[in-house]
Novice: 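Have a look at this one before I ask anything.
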Amino acid sequence: MSKLTISVRKFDAVIVGAGGAGLRAAIQLSEAGLKTAVLSKVFPTRSHTVAAQGGVSASLGNSEEDHWHWHMYDTVKGSDWLGDQDAIEFMCRKAPEAVVELEHFGMPFDRTDEGKIYQRPFGGHMSNFGEKPVRRACAAADRTGHAMLHALYQRNVRANTQFFVEWMALDLIRDADGQVLGVIALEMETGEIVAFHAKATIFATGGAGRIYYSSTNAFINTGDGLGMAARAGIALEDMEFWQFHPTGVAGAGVLITEGVRGEGGILRNSDNERFMERYAPNAKDLASRDVVSRAMVTEINEGRGCGPAKDFVLLDITHLDPATIMKRLPGIREISIQFAGIDPIKAPIPVVPTCHYQMGGIPTNFHGQVVNPDGSTVTGFYAAGECACASVHGANRLGTNSLLDLLVFGKSSGDSVVEAVKAGPNALKELPADFADYTLARLNRLNTQKGGASVNETRLELQRTMQKHCGVFRFKDMLVEGVSKICDIEKAVHLTEIGDKSATWNTARVEALELDNLIEVAKSTMVSAEARKESRGAHVRDDAPDTAANPNGRDDELWLKHTLWHREGNKLSYKPVQLKPLSVETIALKTRAY
Amino acid sequence: MISSAELNRLRWRCTRRAMLEMDLLLGGFLERQFHDLTPAQAVAFIQLADMEDLELWPLITGKRECENSLQAEVVNMLRDVRVK
């Protein structure tokens, strides 16, 4: 890679990412006859969608009465009223169709005795507007995401979608009118840089959970789409909202399911105290996720954490009968032995609250079109799945709605592209003369950097800073300090140095480029979180506590609005939440309580 | 002998998996133990790395039997990878 050149390939549409959302979108495009390129850092069925095991929700009503309107109510409530009610109505109404389509694509859903899709209950899904739990989650054993990817991939093979596997997209191509004209990408095997010139570009690049030190996300989730969008001048929406899971294995992030506490697992601090008795005298260790996570962080912050650095607490099941552990929690025992080096029959498991899901992202409407701060759409640009913010999850996501999100908005973004390409001119709009300059300058900088920072160390510092200053429970002073720290880390990111300068399979280069994306996500998260002076959903601040005037610390008068983070100037603006659904009445503001 | 480009490709395929569990396990093994493998064991490891995560995990937990003794040898070593 001594001299950088760039070739151009032309397509009707390019999709970046081949997880659930990208594959679902690609089916719409390929089946409509569009010449479609799908770029992915890995083989499609190795996307992180595999890790979604719980299921996909739809009000099919196969086991008991259900209605999309009830699903919509649950989703709005789960979002702590920050979700856009038009997009939420759209998603919940489309859910049954999306699931049945998937079944027709060959998805092996679990079935009832009568042969219908079997449905099970899942946290937060209720009947009759929050009355009692309802069975709404459709699953394929504990491999729903895996089965879904395989079904979608096979359908794409049938439709002749063209995949570019082990390619990394580097930057959006945007012209002076703001129109998106494709992406520039790197083929890892050859080091070749190629412009994918297209009439439409869909981002389906997944989440960016790797900005946190403790994350359940696979290493691939580096927020590439968000980084590219931010660098191209697209504002990022609601980036302060990240869902955390209370029990990830300390130091590894691997998830320990809620079921462990359900079977009698107890959380203990360094004094061996069952501290949840102080925070939730009734529910104790079975209190809701956010209550447990906050209690754990408080224990650690007040010096009662365990281990040499006092930075985790212990999940103890040693009092349970080993036979019960072997029978009811075999998977957890295996995970604990493998990733904590501890047999939970003999010793407690070190755990910390762990980042799990990104609610914010690239702002879109429910058609999957990317929207500008003024509400107009960005011509040629679409996004779906975890990288997008439609916004259906608002301040917190309901379980099983992530797989639904990627099916519904994968399809709607695909439909929007098909419509736009068919209605638009036959010829591709010309690329600006300097379209590759910015990307090539980034690559050249990386190739010639001397005396710069190590990628691994800089990434680690970024992750530790996010964990410490902008974790599950947030403190004013820590956030203020976090903003200045993350800006310092950004300087190091722009000066990273790599030892390997070769063209072929240069993973050091790819990791440096991933770090360029992580820093944009980290900055947007920290700055957005520092500014939002209330608690809402997954964003919980110590200085915005539960009061009579502001139950749960939520302040609708000042903060019922979406955050927009602008990379240029590291600035924020806000836009209203869409409280008006498509056909039904607004689901009125209420205190979120379960 | 595996070339540095091939090793990098293997590294990518071991650390950009569908699931975090496999990133940690295969990535950790590659970094610390891969260079100690015999040529035959290295081939077996590369074949394991080519499997999908939900096929590989049951081998590691012993829920599914390995195809041959060489694969079992490498799976045993993988089980001994201590992530932290």
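Every chain is numbered from 1, with letters handed out A, B, ... down the list of sequences.
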Novice: For A/Glu166, is there an ion pair with B/Arg16 - N to carboxylate O distance below 4.0 angstrom?
Specialist: no
Novice: Considering only heavy atoms, which portion of A/Arg210 lies under 4.5 Å from any heavy atom of chain B: side chain, backbone, both, or neither?
Specialist: side chain
Novice: May I ask you to name which of A/Thr507, A/Leu255, A/Asp500, A/Ile220 has the most heavy-atom pairs under 4.5 Å with chain B?
Specialist: A/Thr507
Novice: Where is the tightest heavy-atom contact between B/Met19 and A/Ala218, given as atom of each residue plus distance?
Specialist: C-CB, 4.0 Å
Novice: If I compare all heavy atoms of B/Ala18 with all of A/Ala51, which pair ends up nearest, and what's the gap?
Specialist: O-CB, 4.4 Å
Novice: Which pair of non-hydrogen atoms, one from A/Ala252 and one from B/Leu20, has the smallest distance, and what is that distance?
Specialist: O-CD2, 3.4 Å
Novice: So does A/Trp505 get a backbone contact from the side chain of B/Asn8, meaning a donor-acceptor N/O pair under 3.5 Å?
Specialist: yes
Novice: Does the side chain of A/Glu511 reach to within under 4.5 Å of the side chain of B/Arg11, using non-hydrogen atoms?
Specialist: yes
Novice: We want to know whether B/Glu52 and A/His150 form a side-chain donor-acceptor pair, criterion being a heavy-atom distance below 3.5 angstrom.
Specialist: yes
Novice: Can you tell which part of A/Asn221 gets under 4.5 Å to a heavy atom of chain B, answering side chain, backbone, both or neither?
Specialist: neither
Novice: When you look at B/Trp12 and A/Met188, which way does the side chain to side chain contact (heavy atoms under 4.5 Å, CB included) test go after all the steps?
Specialist: CA-CA 10 Å; B/Trp12 184 252; A/Met188 295 186 208; 3.3 Å; yes
Novice: Could you pull out the closest heavy-atom pair between B/Asp23 and A/Phe219, with the gap in Å?
Specialist: OD2-N, 2.6 Å
Novice: For A/Thr216, is it the side chain, the backbone, both, or neither that has a heavy atom closer than 4.5 Å to a heavy atom of chain B?
Specialist: backbone
Novice: What residues of residues 58-76 of chain B sit under 4.5 Å from chain A when only non-hydrogen atoms are counted?
Specialist: B/Ile60, B/Thr61, B/Lys63
Novice: Less than 4.5 Å to any heavy atom of chain B: does that hold for the side chain of A/Ser47, its backbone, both, or neither?
Specialist: backbone
Novice: Taking side chain as everything from C-beta outward and backbone as N, CA, C, O, which of these in A/Val510 sits under 4.5 Å from a heavy atom of chain B? Side chain, backbone, both or neither.
Specialist: side chain
Novice: Between B/Arg79 and A/Glu334, is the closest basic N to carboxylate O distance under 4.0 Å?
Specialist: no
